[in-house]
Number of protein chains: 2
Amino acid sequence: MDENNTIGRSVLNQIKKDIISGSLKPSSKLKLDNLKSHYSVSTSTIRETLNRLVSEGFVKAEEQRGFFVCPFSETDLIEIVKIRNLIESYGIEQSIQKSNIEWESKVVSAYHRLNLEEKNNLKNESIFNEWKKYDFEFHEILVSNCDSANLMSIHSNLLDRHRRYQTILHQTRGQKSILEHEEIFNAVLNKDIKKTIKILQIHLDQGLEKALTLFKK
Amino acid sequence: MDENNTIGRSVLNQIKKDIISGSLKPSSKLKLDNLKSHYSVSTSTIRETLNRLVSEGFVKAEEQRGFFVCPFSETDLIEIVKIRNLIESYGIEQSIQKSNIEWESKVVSAYHRLNLEEKNNLKNESIFNEWKKYDFEFHEILVSNCDSANLMSIHSNLLDRHRRYQTILHQTRGQKSILEHEEIFNAVLNKDIKKTIKILQIHLDQGLEKALTLFKK
DNA sequence: AAATAAAAAACTTTATAAAATTATTAAAAT
DNA sequence: ATTTTAATAATTTTATAAAGTTTTTTATTT
């Protein structure tokens, strides 16, 4: 189940989590000595991790000058959302076409969890991270029946990078977003590919717009 | 210009090239000691490189068991081509929409080089790699005006992985492929997005079909 | 032939150090 | 006062070695 067998993988997940959550701030320098002592691992392990995160788009390496958390930028966010839209739409289309009981039941349960969380969230603002987790898990389940490990891997990476922006900007859209989730859910169960993709696009576009307003502040 | 400043980057490019060319064979074990002596670098450098190549989809890491060149599989190839089609179509669409003189002239010159090479290639079969290089450079130029570094990075990775299959399978389709390149070229200059995408899809599908027949042998 | 145990090989991680580069500080010159 | 230069410090990059695990191979026994 848990694939945190090696220290290398464990520290990879930790650092990635810290970048997504914002405790390692955008554009900040990742000094090897600091990381080494903070995560209690050796330099080589840290460097292996950072090199992986470079390929995954979370860390930027400037040769001879070291590693930095990838900076925040509006264009980067816009690009990520657009590519996510492209990939996710295609993935959902494939998933619906290959639809089967197992997948549908996963969708139902993922939506259920998200829905419960979203109702709670309106009252209790403190559980932002928990809610976002279910949000992204729902979207991940939607493409999970597309039968393409490569597509899912690219999608998962885009979700992670998108989540960094949403988390750090503390992006919320309240009732509207919740309704869109419900519409997507229903369209998927009805195997209505066009409608699903249409609402997904609206969902992502509206979210992007909200994020961009938060950027100005 | 050349970004091979550090040994790490240089050996990354070398190993990637050797995987794409097939001199490091699919599924083969990448023993640290062998690589270390073959590329004349230290273990830490090798491990950093391999970890990056894992994220880029060229190397597979099995915990405690080491690194392997990513295996060849039909489904992997099919997935790569489909996602490439999706990404490349979108990228070309954006590129054409933002079309300008500089980009058009790059397209013209990339096509010119490819065309010269393809004419030669019919006579001289030995320059396969050179020809493939111009082939992929042409496709890369086509999306290069999309104004999305993220899209181009994903696309470039997909091209590299696709090239590995084409190179090792020694995939060629002769005159048909050459004609499709010409059609794509003309459609792009005419800013005919729909036609471009349509021919691209045929181009990739036919190539995939050819590759799959080579797989059987 | 199959199962077990011992030995060897290979990977993972840490620690240390030297070489190379960049960043910072202090002094000198304009 | 600002710029230039020189010296120092900090950091990255690479290499090497050794300890600890895990896997693989070999040898032995049943």
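Reckoned from all heavy atoms, side chains included, excluding hydrogens, waters and symmetry mates. These numbers come from a predicted model, not from an experiment.
- Each of C/dT14, D/dT23, D/dT14 was ranked by its minimum atom distance to the side chain of B/Q64; first place goes to D/dT23.
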- Task: Quick one: do A/V69 and A/R164 satisfy side chain to side chain contact (heavy atoms under 4.5 Å, CB included)? Show the steps, please.
- Result: CA-CA 11 Å; A/V69 178; A/R164 182 171 75 118; 3.7 Å; yes

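- Contact annotation: A/K31 side-chain N/O to D/dT12 OP1/OP2 distance is not under 4.0 Å.
- The distance from atom CD1 of A/I7 to atom P of D/dT21 is 10 Å, rounded to the nearest whole Å.
- Checking side-chain atoms of B/Q171 against main-chain N and O of B/G207 turns up a donor-acceptor pair under 3.5 Å.
- Distance A/L50 CG to D/dT13 C1': 13 Å, rounded to the nearest Å.
- More than 12 heavy atoms of other residues, nucleotides or ligands lie within 6.0 Å of NZ in A/K29, so this atom counts as buried by the packing criterion.
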With the criterion being N/O to N/O and under 3.5 Å, what pairs connect the protein with nucleotides 15-17 of chain C, and how long is each?
none

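- Rounded to whole Å, atom P of D/dT22 lies 17 Å from atom CG of B/L32.
- The CZ-P distance, from B/F67 to D/dT23, rounds to 15 Å in whole Å.
- Atom NZ in A/K29 sits roughly 12 Å away from atom P in C/dT22 (whole-Å rounding).
- Of the candidates B/F185, B/W131, B/F136, B/W131 is the only one forming a side chain to side chain contact (heavy atoms under 4.5 Å, CB included) with B/L114.
- Distance A/R47 CZ to D/dT11 C1': 11 Å, rounded to the nearest Å.
- The CG atom of B/N51 sits 13 Å away from the P atom of C/dC11 (whole-angstrom rounding).
- Atom NZ of B/K98 sits in a crowded spot, with more than 12 heavy atoms from other residues, nucleotides or ligands closer than 6.0 Å.
- A close approach under 4.0 Å does not occur between any side-chain nitrogen or oxygen of A/R65 and OP1 or OP2 of C/dT21.
- Within the 3.5 Å criterion, the main-chain N or O of B/N85 finds a donor-acceptor partner in the side chain of B/S89.
- Spacing between atom CD of A/E63 and atom P of D/dT12 amounts to 14 Å, rounded to whole angstrom units.
- Side-chain atoms of B/S99 and B/E104 form a donor-acceptor pair, as typed in the model, at a separation below 3.5 Å.
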